[in-house]
There are 2 protein chains.
Amino acid sequence: MGDREEQRRLIVAGASAYVVAEGLTKLSLRPLAARLGTSDRMLLYYFDSKDELVAEVLQALSADLRAVLAASIPARRVPVRTLVEAADALLARPEMRSSAALCLELLGLAARGADPYATAARSLLADWIDWAETRLSGPPRGRRARAVGAVACIEGILVLRAVGLGERLRGALGGLLR
Amino acid sequence: MGDREEQRRLIVAGASAYVVAEGLTKLSLRPLAARLGTSDRMLLYYFDSKDELVAEVLQALSADLRAVLAASIPARRVPVRTLVEAADALLARPEMRSSAALCLELLGLAARGADPYATAARSLLADWIDWAETRLSGPPRGRRARAVGAVACIEGILVLRAVGLGERLRGALGGLLR
DNA sequence: CTGCGGCTGTAGCAATCGCTACGTCCGGCC
DNA sequence: GGCCGGACGTAGCGATTGCTACAGCCGCAG
């Protein structure tokens with residue numbers, strides 16, 4: 001046992017759950033290590049730096065989120081309005097609250113261009129745009145632009161829900177899109 | 001000179017500029033005080049805590065931003081699409097970059113409900129919704145809902161621009177809204 | 001048995017954080 | 001002159017940060 005790669009995977013998995021629950025902004029190695037039953041010393045033994053660990057955690061969480069997205073949104077191609085409404089319904093689920101909060105934390109940390117956050121945020125959103133493109137109906141011409149717009153709307157929903165203005169959203173965007 | 005309220009105003013003004021330039025997430029009293037030509041000791045003499053200072057700074061910046069918004073967006077009532085496009089054009093201006101980044105930082109810090117950030121973020125967005133409502137044309141019936149949707153779109157634009165995906169936005173949202 | 005190299009616990013580093021105790025200076029009041 | 005209270009500088013507290021130096025443990029090769 002004790003393959004190094006396996007240890008790294010275990011740490012990333014545990015750290016991901018911890019980050020979703022406790023937040024990214026104030027993440028620090030010692031409390032994280034305590035929750036994982038180890039020490040900061042060991043985290044930095046398996047990862048060269050906190051940033052490297054964070055980068056891997058964010059990559060794992062991005063994959064997780066993408067899987068949730070794929071599993072919760074109808075597989076057929078739909079118009080922009082339907083896609084946005086489906087994402088809205090997904091974000092309204094209580095168990096998605098902390099993931100949504102984490103997304104916002106990531107965007108906030110990335111806002112000044114600081115890595116590893118900026119890289120992770122950019123690839124997360126680019127992923128979403130790619131994914132939206134595969135789910136949109138209508139003419140292929142301009143589909144990418146519509147995907148970008150859809151993701152923008154979804155991000156807006158994320159923001160409003162996160163600050164507690166979610167109830168005002170009820171159908172507001174659906175009626176606006178065509 | 002020396003009126004206490006006047007000193008507080010001076011500090012808030014200086015701190016606001018500093019926060020816009022340097023960011024909110026890693027704001028700390030000592031470097032801020034150094035920039036203002038004073039000491040952390042004095043900041044905490046005029047404000048009971050860092051949180052109180054931050055709350056006042058965010059309030060001031062919210063007012064500033066609202067003034068910029070009022071000055072840069074056509075005063076007449078317009079449809080949602082036009083309003084969103086105008087906000088997009090405003091956010092595209094280089095001198096708005098750090099303000100936009102600051103908004104995202106604020107949202108990220110507010111995401112877990114921690115004050116003073118959460119309160120400031122909520123009131124900022126509520127302000128924007130109110131403002132959008134005064135600028136929207138069309139039937140008063142449902143105008144508020146359209147204002148919420150418009151703000152959601154604008155927040156989405158903010159997010160995409162902040163992570164460097166702004167160029168993909170070119171007209172993507174305008175074509176989507178009716 | 002000896003030695004060696006990977007794993008890990010202990011302890012500590014220097015830096016930074018918000019905040020505070022303490023002393024001092026200084027202008028106005030009696 | 002004596003005094004008092006607001007303004008301010010100096011210095012430091014206790015906690016926390018990411019990271020590291022050091023030593024011991026343990027299994028395996030010689």
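Just so it is clear: chains get the letters A, B, ... in the order the sequence lines come, proteins before strands, and each one is counted from 1.
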Is Arg143(A) atom CZ crowded by more than 12 heavy atoms from other residues, nucleotides or ligands, each under 6.0 Å away? yes
Using a 4.0 Å heavy-atom cut-off across all strands, classify Thr38(A) as base, sugar-phosphate, or nothing. nothing
Gap between atoms NZ and P, on Lys26(B) and dC17(C) respectively (whole Å): 10 Å
Measure the shortest side-chain to side-chain distance between Leu107(A) and Glu155(A) over non-hydrogen atoms and say whether it is less than 4.5 angstrom. yes
Looking at Arg81(B) and Glu85(B), is there a salt bridge between them, counting it only when a charged N and a carboxylate O are closer than 4.0 Å? yes
If you check the Pro31(A) side chain, which of dT17(D), dC19(C), dC19(D) turns out closest? dT17(D)
In Val84(A), Asp130(A), Ile129(A), Leu83(A), the residue satisfying side-chain contact (heavy atoms from CB on, under 4.5 Å) with Val151(A) is Ile129(A)
Going by an N to O cut-off under 4.0 Å, is there a salt bridge joining Glu133(A) and Arg144(A)? yes
Whole-Å distance between dC19(C) C1' and Tyr46(B) OH? 18 Å
For a quick check of understanding: with a heavy-atom distance under 4.0 Å over all strands, which category does Leu44(A) fall into, base, sugar-phosphate or nothing? base
Rounded interatomic separation in angstrom, taking CG from Leu27(B) and C1' from dC17(C): 12 Å
Rounded to whole Å, how long is the line connecting atom NZ of Lys50(B) with atom C1' of dT16(C)? 11 Å
Measure from the side chain of Arg4(A), starting at C-beta and using heavy atoms only, and say which of dC19(C), dC7(C), dA7(D) lies closest. dC7(C)
Evaluate the side-chain proximity of Leu102(A) to Arg112(B): yes if any heavy-atom separation is below 4.5 Å, no if none is. yes
Any heavy-atom pair between the side chains of Met96(B) and Cys103(B) that's under 4.5 Å? no
Interatomic distance, Tyr45(B) OH vs dC22(C) C1' [rounded to whole Å]: 15 Å
Tell me: CD1 of Ile11(B) to P of dA7(D), nearest whole Å? 11 Å
For Met42(B) and dT20(C), what is the distance between atoms CE and P respectively, to the nearest whole Å? 15 Å
Nearest whole angstrom, please: distance from the P of dC19(D) to the CG of Asp48(A). 10 Å
Grab the N/O contacts between the protein and nucleotides 10-16 of chain D below 3.5 Å, and write none if there aren't any.
{"residue": "dG12(D)", "atom": "O6", "partner": "Arg30(B)", "partner atom": "NH1", "Å": "3.3"}

